[in-house]
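Sequence positions, counted from 1, serve as the residue numbers for this chain. Whatever order the structure lists ligands and atoms in, that order sets their numbers, starting from 1.
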Amino acid sequence: MSGSGRQGSGPGGGLRIGRHEVWPPVVLAPMAGITNVGFRRLCREQGGGIYVCEMITTVALVERNPKTLRMIAFGDDERPRSLQLYGTDPEITAAAVRIVVEKDLADHIDLNFGCPVPKVTRKGGGSALPWRRRLFARLVRAAVDAASPAGVPVTVKMRKGIDDDHLTYVEAGLAAQDAGVAAVALHGRTAAQRYSGTADWDAIATLKQALDVPVLGNGDIWEADDALRMVAHTGVDGVVIGRGCLGRPWLFADLEAAFEGRPERRLPTLGEVAATMRRHAELLVDQFTAGARNPARGERDGCTDFRKHVAWYLKGFPVGSELRRELAMIESLAQLDDLLGKLDPAEPFPVATLGQPRGRTNSPGKVFLPDGWLASRDDDTVPEGAELADSGG
Ligand SMILES: Cc1cc2nc3c(=O)[nH]c(=O)nc-3n(C[C@H](O)[C@H](O)[C@H](O)COP(=O)(O)O)c2cc1C
């Protein structure tokens, strides 16, 4: 796509998610341990879109788990406030959604059916659940019914299926549409693929053809121009960006430029990357300090949370291993400033990293499922022990 022609489901050519008009048609993918309020603000400072919070489990919300309640935090100016829920039980999910709408905790609810981790699929949750088509439909409908009186749109995010022999995405997409969802997001991989190989954009195109509600494409968008390629290839109404923005929040500025037909793409120098790292750490410190009884503790916790991002920011830059190691162990902003001061600010962006995968790229693996799971598609019994008590994945 070139030029400034807006395309998509909304009247202005943007993405419409229920009552929310979204421009550019870009969604920050929910990522456990990453997309907290501080990281989302950092990304939002770069460009428009929807920025989804870390996954919240329905059981933890219904039980008013204090850690979970703290995780449901949004910036004052964050609209729509987008919350992802993980659930396996229609009744518990409906109860969690009622809490969200009654307490006005969010403006958009996404349901997670993409999680491939064994502890989740072994119990029939996450990416295993759509296989049980009746249970899936019941669960989505329960969420939509609980959210719709308040006008809060519900979306689902899913994978292609369990493996290549057990694909569910078209059937699940149609069922979710029937249940009243506002959009469907597809990560073009099966659960068995985890994060290996390449995302199947043809499957995303197939889903787009099959549905009337907006479809969001997800998987392997590393650069803004990949997003335009995905739209051109699949016709999707919007794109969902996960790993591509790790250590590169400015990708959201590039995405906005790309969708507006502007040519500029950011290639920050190491000095500019260091300033972004400082901003990120500062936002995490603010996040952990808010509500903390001991502000010094908030600074340390924010810095600890920042450590996992260091390697992503420095990927491809010529920075020695000792300095990298020290940066990945910071306990205070003063320490961070001191270490960032040792970087060469004029170092140009390592263009060889452009378009390269980052973050998780693990190998395919066996999908662990409850006994008899594949043989009984129409069994809609709620799987036992599949709820997660811990939010954040
Ligand atoms: C660290 C990490 C945590 C994730 N956590 C979640 C999650 O809580 N909920 C979810 O639906 N997907 C989660 N995902 C999957 C992403 O949302 C996304 O679907 C996936 O990374 C593919 O998109 P990408 O190729 O743009 O990264 C996670 C991915 C990563 C790398």
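Using a 4.0 Å cut-off between a side-chain N of Lys or Arg and a carboxylate O of Asp or Glu, Arg40 and Glu78 qualify as a salt bridge. The pair Glu223-Arg229 does not meet the salt-bridge criterion, since no charged nitrogen lies less than 4.0 angstrom from a carboxylate oxygen. The pair Asp77-Arg44 meets the salt-bridge criterion, since a charged nitrogen lies less than 4.0 angstrom from a carboxylate oxygen. The residues Asp286 and Arg41 are annotated as not salt-bridged, no charged nitrogen and carboxylate oxygen being separated by less than 4.0 angstrom. Looking at Arg81 and Asp76, no side-chain N of the basic residue comes within less than 4.0 Å of a carboxylate O on the acidic one, giving no salt bridge.
Annotation: Phe317 is in aromatic contact with Phe349 [ring centroid separation under 6.0 Å]. Aromatic pair His280/His309: ring centres closer than 6.0 Å. Checked against the 6.0 Å centroid criterion, the rings of Phe39 and Tyr51 do not qualify as a close aromatic pair.
Of all atoms in ligand 1, numbered sequentially from 1 with element shown, those under 4.0 Å from a heavy atom of Tyr195 are 14 (N), 15 (C), 20 (C), 21 (O), 28 (C), 29 (C), 30 (C). The atoms of ligand 1 that sit less than 4.0 Å from any heavy atom of Lys157 are 10 (C), 11 (O), 12 (N), 15 (C), 16 (C), 17 (O), 18 (C), 19 (O). Near Met55, the atoms of ligand 1 lying under 4.0 angstrom from a non-hydrogen atom of the residue are 8 (O). Close approach of ligand 1 to Asp220 (heavy-atom distance below 4.0 Å) involves ligand atoms 24 (P), 25 (O).
The N/O atoms of Pro30, backbone and side chain alike, include one that comes under 3.5 Å of an N/O atom in ligand 1. Considering backbone and side-chain N/O atoms, Ala29 never comes within less than 3.5 Å of an N/O atom of ligand 1. At least one N/O-N/O distance between Gly242 and ligand 1 falls below 3.5 Å. Residue Trp222 places no N or O, backbone or side chain, under 3.5 Å from any N or O of ligand 1.
Heavy atoms of His187 found under 4.0 angstrom from ligand 1 belong exclusively to the side chain. Contact annotation for Arg243 and ligand 1: heavy atoms of both the backbone and the side chain come within less than 4.0 Å of the ligand. Neither the backbone nor the side chain of Glu54 comes within contact range of ligand 1; no heavy atom lies under 4.0 Å. When heavy-atom distances to ligand 1 are checked against a 4.0 Å cut-off, Asn218 comes that close only through its side chain, counted from C-beta outward.
Not a single heavy atom of Gly359 lies less than 4.0 angstrom from ligand 1. Ligand 1 has at least one atom lying under 4.0 Å from a heavy atom of Gly219.
A cation-pi contact, defined as under 6.0 Å to the ring centre and within 45° of the axis, links Arg159 to Tyr195.
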